[in-house]
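Just below is one structure, and these are the notes that go with it.
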Amino acid sequence: MNCKKINIKEGINLHIINTDKFKTNLLAVFLTTPLNRENVTKNALIPMVLRRGSSKLTNIEEINNKLDEMYGADFNCGVDKTGDNQILKFYMESINNNFLPENENLLEESMRVLLDLVFNPLTENNTFKEEYVDSEKQNLKQIILGKIDNKAKYAYDRCIEEMYKDKPFGLYKYGYVEDLENIDSKNLYEYYKKMISECKIDIFISGEVNEQSKEIIENNENIKSINERQAIYNKKSEKADYVEQERIVEEKMDVSQGKLVLGLEVEKNDKQSKYPALVYNAILGGTPTSKMFQNVREKAHLAYVAGSNYIRHKNNIFIRCGIEIKDYQKTLDLIKVQIEDMRKGDFTEEDIKNAKASIVSTIKSIPEEQDSEMMYYFGQEISEQKMEYSEYEQNIQNVQKQEVVDIANSIKINTIYFLTSNN
Amino acid sequence: MQIIENSKVKEKLYIEKLENGLTVMIIPKNNVAKKYIIWATHFGSIDNHFIVPKTGEEVKIPDGVAHFLEHKMFEQRNGTNSLDTLSAIGVDANAYTTNDHTAYLYEATDNFYEALDEFMDYVQNPYFTDENVEKEKGIIGQEIKMYEDYPEWQVYLNAIKCMYKENPVRLDIAGTIESISEITPQVLYNCCDTFYNPANMAMVICGDFVPEEIIKEIKKRIIKNENGGEIKRIYTPLETKINEKEKTVKMDVNNSLFTIGFLDNPNSENIVKKHIAIEILLQMMFGKSSELYRNLYSEGLILNEPQLDYEFTSNYAHVLVTGQSKEPRRVIEEFKKTLDKFIKDGIDEAIFTRTKKKIYGRYVADYNSVSDIARMFLSDYFKGISSFDYLEEYNQVTKEFTQLVLNEVFKEDKMVISIVESKQ
């Protein structure tokens with residue numbers, strides 16, 4: 001195992017990835033909690049409030065001065081959704097001790113600061129500091145409203161939203177403006193205490209680390225004081241509603257280029273079908289040799305961006321294109337031909353081989369980046385499936401054409417979303 | 001082969017200039033699985049006016065040719081496309097165009113040498129036809145339109161346009177729908193002949209390699225052995241005055257964006273030292289731990305840490321500060337006040353030392369991935385710099401020197417403002 005998992009307390013795990021590929025050590029804390037309408041905005045707000053100050057480093061000035069002194073250690077946080085969970089992510093990247101001009105132990109210090117920021121926030125009269133909550137509410141409002149600023153991303157988010165209307169995965173990961181007025185420093189702190197005592201906690205260390213790192217964690221005051229728990233999070237995720245006829249959603253904005261997104265549901269959904277689904281996606285739109293790239297871009301010249309991605313945790317494929325507004329119907333028809341050709345098994349053994357080569361290369365590249373390696377093991381942690389790279393690779397190599405055709409025939413277009421211009 | 005070692009990041013750089021003039025740089029890393037190669041020509045969007053070495057003819061080319069060429073180089077005479085061929089063997093191939101160079105690259109965990117055959121073949125064998133050039137116009141047209149919808153790109157380009165009146169750095173790298181309509185196979189062949197000659201190119205390789213062996217493999221696959229001769233580029237005169245003070249456009253976005261630019265003089269005795277000083281200054285004035293950032297952030301006037309850049313080649317140089325704010329004009333006013341204060345009161349010793357430490361950490365972290373390393377060495381090479389110089393010069397950057405750079409670069413009359421305003 002490249003990654004060693006150590007149970008610290010019930011519900012709290014440490015994952016150590018020992019690697020000498022990098023100049024930095026990357027530390028992370030992931031808090032996993034169910035994604036739902038009630039808490040989504042609060043969860044998005046919490047990392048923003050926490051990064052304003054801990055009880056030891058009480059404001060941005062103290063935090064950033066400290067980080068500068070640690071040779072520009074980089075602290076970062078945010079929220080994400082994985083399946084039907086909302087993940088609160090906290091990262092600390094600092095230079096590996098071997099590359100410091102003087103002999104210091106940055107790893108230990110980095111871990112201390114990181115855990116302090118997550119688990120030991122600054123409080124006043126048993127609430128978060130009011131000033132921080134108020135100003136972060138304003139910032140979060142700008143972020144939520146800023147959803148429209150990146151049009152391609154917006155179109156993608158909107159397609160997911162439409163596909164998962166009234167379901168957890170359809171929620172916007174930053175939450176909703178209308179929730180903000182009811183959040184204050186008191187109820188947010190109450191919520192934080194509850195969430196932090198119930199969520200699943202995963203701590204990652206990647207770098208030139210050893211067994212001592214385990215002691216650093218176990219002896220950390222914040223870790224000592226935290227309770228064990230039966231972590232509450234979603235192990236299963238809700239599927240999109242079955243649609244007889246695909247849903248078509250069109251929205252208008254001031255854009256130069258139309259953004260077309262198709263949300264596909266893969267109805268075959270057992271653990272083994274994830275591998276042929278990956279191969280299917282690679283052939284449909286995952287690589288330069290794919291049907292989307294070749295036919296929509298290279299042959300019909302309809303787009304510069306023409307591809308697809310597969311979301312494993314939800315078993316969905318999203319096709320994305322940026323096109324001339326007038327070419328909407330033409331492009332859509334052409335995309336449907338590609339999906340139909342996949343159903344008919346109109347692809348070669350060569351296509352399968354290429355798709356596998358591309359996926360295998362992606363697998364082999366995972367340990368070449370610290371964050372992607374963490375996300376690989378974290379993804380397994382959430383889906384409760386342990387698999388080394390070699391086994392993963394083997395599962396891809398074993399995929400047969402018929403399995404890909406079976407996937408193709410279990411695929412249904414759920415939602416067609418088009419962001420078009422005002423004129 | 002020349003070997004340069006850096007003890008701070010514990011890496012070695014091997015450099016060899018081949019007979020045909022091609023510079024090859026190798027940074028071996030034996031503990032990684034990914035191999036990365038990048039091959040580039042010193043030909044970017046700004047090189048639009050030059051004298052063809054063979055004929056002595058002076059030519060002006062339409063905007064966007066370097067980028068257009070980048071798209072078309074993959075096309076092969078036998079009807080195949082090298083991007084597909086490389087992708088089919090599981091290597092991740094790509095290309096990009098900047099203001100001053102065009103780069104072709106791939107990264108591989110397997111099949112590196114098989115890919116090298118195809119890679120070195122396609123970069124050396126252009127094949128353009130009326131038909132394949134025509135079809136690309138639709139694809140690039142959509143790429144141009146995609147950028148039109150990016151507020152970040154608009155705010156950047158408008159800042160550049162404010163600074164420069166004539167310098168081609170103000171052109172969109174991809175050109176415009178109109179300018180690319182003029183591109184023909186002949187234009188592409190001319191540029192290829194001129195700029196894709198080994199003496200005008202550089203290659204960087206990073207990964208688990210034995211330098212002597214990989215050099216042999218490269219030499220085996222080199223086709224052009226003659227040195228193409230010096231290319232005379234005709235540049236617009238050095239611009240010392242800003243073109244216009246301010247440019248504001250409205251877009252359908254929620255969060256307004258601003259860029260503050262400072263036009264600088266590209267002629268510098270020691271550009272690396274100056275660059276380091278500018279990075280320290282920008283961090284001190286507007287970085288995450290600056291007083292200005294702290295105040296603006298707590299007042300809700302800035303959403304996140306501004307992006308701080310210094311861009312330069314031999315014929316332009318400028319500083320760029322970009323951020324998101326609901327009141328960009330107030331941010332700019334506050335920035336001006338901070339700047340005045342720094343110039344008047346001088347640089348604080350403690351803050352200087354702390355910020356310098358931070359910069360050091362960043363320089364070390366630049367050596368984390370084979371792709372970052374190779375791209376860094378390549379782009380620095382075309383600026384006449386070795387990337388190691390940043391680690392070497394670091395200690396020479398004193399507070400006094402930094403103060404001089406501050407007074408020289410951050411001048412009010414060289415400052416421009418670009419804003420993308422929310423329509424709402």
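Convention: sequence-line order gives letters A, B, ...; per-chain numbering from 1. Side-chain atoms are counted along with the backbone in the values below, which use heavy atoms only and exclude waters and symmetry mates.
- Atoms NZ and CG, on Lys288(B) and Asn64(A) in that order, are 6.0 Å from each other to the nearest 0.5 Å.
- When side chains are defined from C-beta on, Lys23(A) does not count as touching Tyr363(B), because their heavy atoms never get closer than 4.5 Å.
- Distance check, rounded to the nearest 0.5 Å: OH of Tyr304(A) to NE2 of His71(B) gives 5.0 Å.
- Looking at Gln283(B), there are no atoms closer than 4.5 Å to chain A (heavy atoms on both sides), in backbone or side chain.
- A side-chain donor-acceptor contact under 3.5 Å links Ser361(A) to the backbone of Gly90(B).
- Both tests hold for Lys10(B) against Phe99(A): distance to the six-membered ring centre under 6.0 Å, angle to the ring axis within 45°.
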- Query: What do the steps show when you test Arg52(A) against Ser298(B) for side chain to side chain contact (heavy atoms under 4.5 Å, CB included), and what is the final call?
  - Reply: CA-CA 10 Å; Arg52(A) 294 296 297 270; Ser298(B) 11; 3.9 Å; yes

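- Of the atoms belonging to Glu11(B), it is side-chain heavy atoms, and not backbone ones, that fall under 4.5 Å from chain A.
- For Ile95(A), the part lying near chain B is the side chain, with the backbone staying farther off; criterion is any non-hydrogen pair under 4.5 Å.
- Contact of the Arg362(B) side chain with the Asp74(A) side chain is not registered, since no non-hydrogen atoms from C-beta on lie closer than 4.5 Å.
- Heavy-atom contacts from other residues, nucleotides or ligands closer than 6.0 Å to CD of Glu291(B) number 12 or fewer.
- For Glu5(B), the CD atom is densely surrounded, since the number of other residues' heavy atoms within 6.0 Å is greater than 12.
- In this structure, Asp149(A) contributes its side chain and Asn255(B) its backbone to a donor-acceptor pair below 3.5 Å.
- Close approach to chain B, defined as a heavy atom under 4.5 Å from one of its heavy atoms, is seen in Asn354(A), Ala357(A), Ser358(A) of residues 348-358 of chain A, taken by number.
- For chain B, the option among Met253(A), Gln138(A), Glu324(A) with the highest count of heavy-atom pairs below 4.5 Å is Glu324(A).
- Residue Gln324(B) touches chain A through its side chain alone, counting heavy-atom pairs closer than 4.5 Å.
- Side chain to side chain, Tyr297(B) and Asn139(A) meet the donor-acceptor criterion of an N or O pair below 3.5 Å.
- In this structure, the portions of Tyr367(B) lying under 4.5 Å from any heavy atom of chain A include both its backbone and its side chain.
- Between chain B and the residues Leu100(A), Ile323(A), Val360(A), the most heavy-atom pairs under 4.5 angstrom are made by Ile323(A).
- Within 6.0 Å of the NZ atom in Lys8(B), the count of heavy atoms belonging to other residues, nucleotides or ligands exceeds 12.
- Remark: the backbone N or O of Lys34(B) is paired with a side-chain donor or acceptor of Glu368(A) at under 3.5 angstrom.
- Between Arg354(B) and Glu69(A) there is no salt bridge, since no side-chain N of the basic residue sits under 4.0 Å from a carboxylate O of the acidic one.
- Side-chain contact annotation: Gln142(B) with Gln257(A), donor-acceptor N/O pair under 3.5 Å present.
- Side-chain contact check for Gln294(A) and Asn81(B): no donor-acceptor pair (N or O, by modelled atom type) lies under 3.5 Å.
- Counting non-hydrogen atoms of neighbouring residues, nucleotides and ligands closer than 6.0 angstrom, the OH atom of Tyr394(B) exceeds 12 such neighbours.
- For the options Pro101(A), Ser290(A), Ala152(A), Ala300(A), heavy-atom pairs under 4.5 Å to chain B are most numerous at Pro101(A).
- Residue Lys137(B) does not touch chain A at all, counting heavy-atom pairs closer than 4.5 Å.
- With sequence neighbours excluded, no residue forms a side-chain hydrogen bond (donor to acceptor under 3.5 Å, both in side chains) with Asn25(A).
- Only the side chain of Lys423(B) comes within contact range of chain A, with heavy atoms under 4.5 Å apart.
- Closest heavy-atom contact between Lys21(A) and Ala33(B): NZ-N, 3.5 Å.
- With chain B as partner, the option from Glu62(A), Met70(A), Lys299(A), Lys259(A) having the largest number of non-hydrogen pairs under 4.5 angstrom is Lys259(A).
- Considering only heavy-atom pairs separated by less than 4.5 Å from chain B, the leading option among Asn65(A), Asp20(A), Val255(A) is Asn65(A).
- Side-chain contact between Asp68(A) and Lys357(B) is absent, with no heavy atoms from C-beta onward closer than 4.5 Å.
- For the atom pair CG of Leu303(B) and CG of Leu140(A), the computed distance is 9.5 Å after rounding to the nearest 0.5 Å.
- Using a 4.5 Å heavy-atom threshold, the side chains of Val305(A) and Met146(B) count as touching.
- Per-residue heavy-atom pair counts under 4.5 Å with chain A were compared for Asp84(B), Ile139(B), Ile144(B), and the maximum is reached by Ile139(B).
- Under 3.5 Å, the side chains of Thr24(A) and Asn368(B) contain a donor-acceptor pair of N or O atoms.
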- Message: Assess the residue pair Glu298(A) and Lys135(B) against the criterion (side chain to side chain contact (heavy atoms under 4.5 Å, CB included)); give the C-alpha distance rounded to whole Å, side-chain angles, the decisive distance to 0.1 Å, and a yes or no.
- Response: CA-CA 8 Å; Glu298(A) 293 298 311; Lys135(B) 82 148 213 218; 2.6 Å; yes

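- Rounded to the nearest 0.5 angstrom, Ile143(A) CD1 and Asn304(B) CG are separated by 7.0 Å.
- Proximity to chain B is absent for every atom of Ile359(A), based on heavy atoms less than 4.5 angstrom apart.
- Within the 4.5 angstrom heavy-atom criterion, only side-chain atoms of Phe293(A), from C-beta onward, approach chain B.
- Across Asp149(B), Asp110(B), Asp366(B), the residue that shares the most heavy-atom pairs under 4.5 angstrom with chain A is Asp149(B).
- Other residues, nucleotides and ligands contribute over 12 non-hydrogen atoms within 6.0 Å of the NZ atom of Lys291(A).
- Between Lys151(A) and Asp252(B), the shortest heavy-atom contact is NZ-O, 2.7 Å.
- Glu148(B) and Ser256(A) get closest at one heavy-atom pair: OE1-OG, 2.9 Å.
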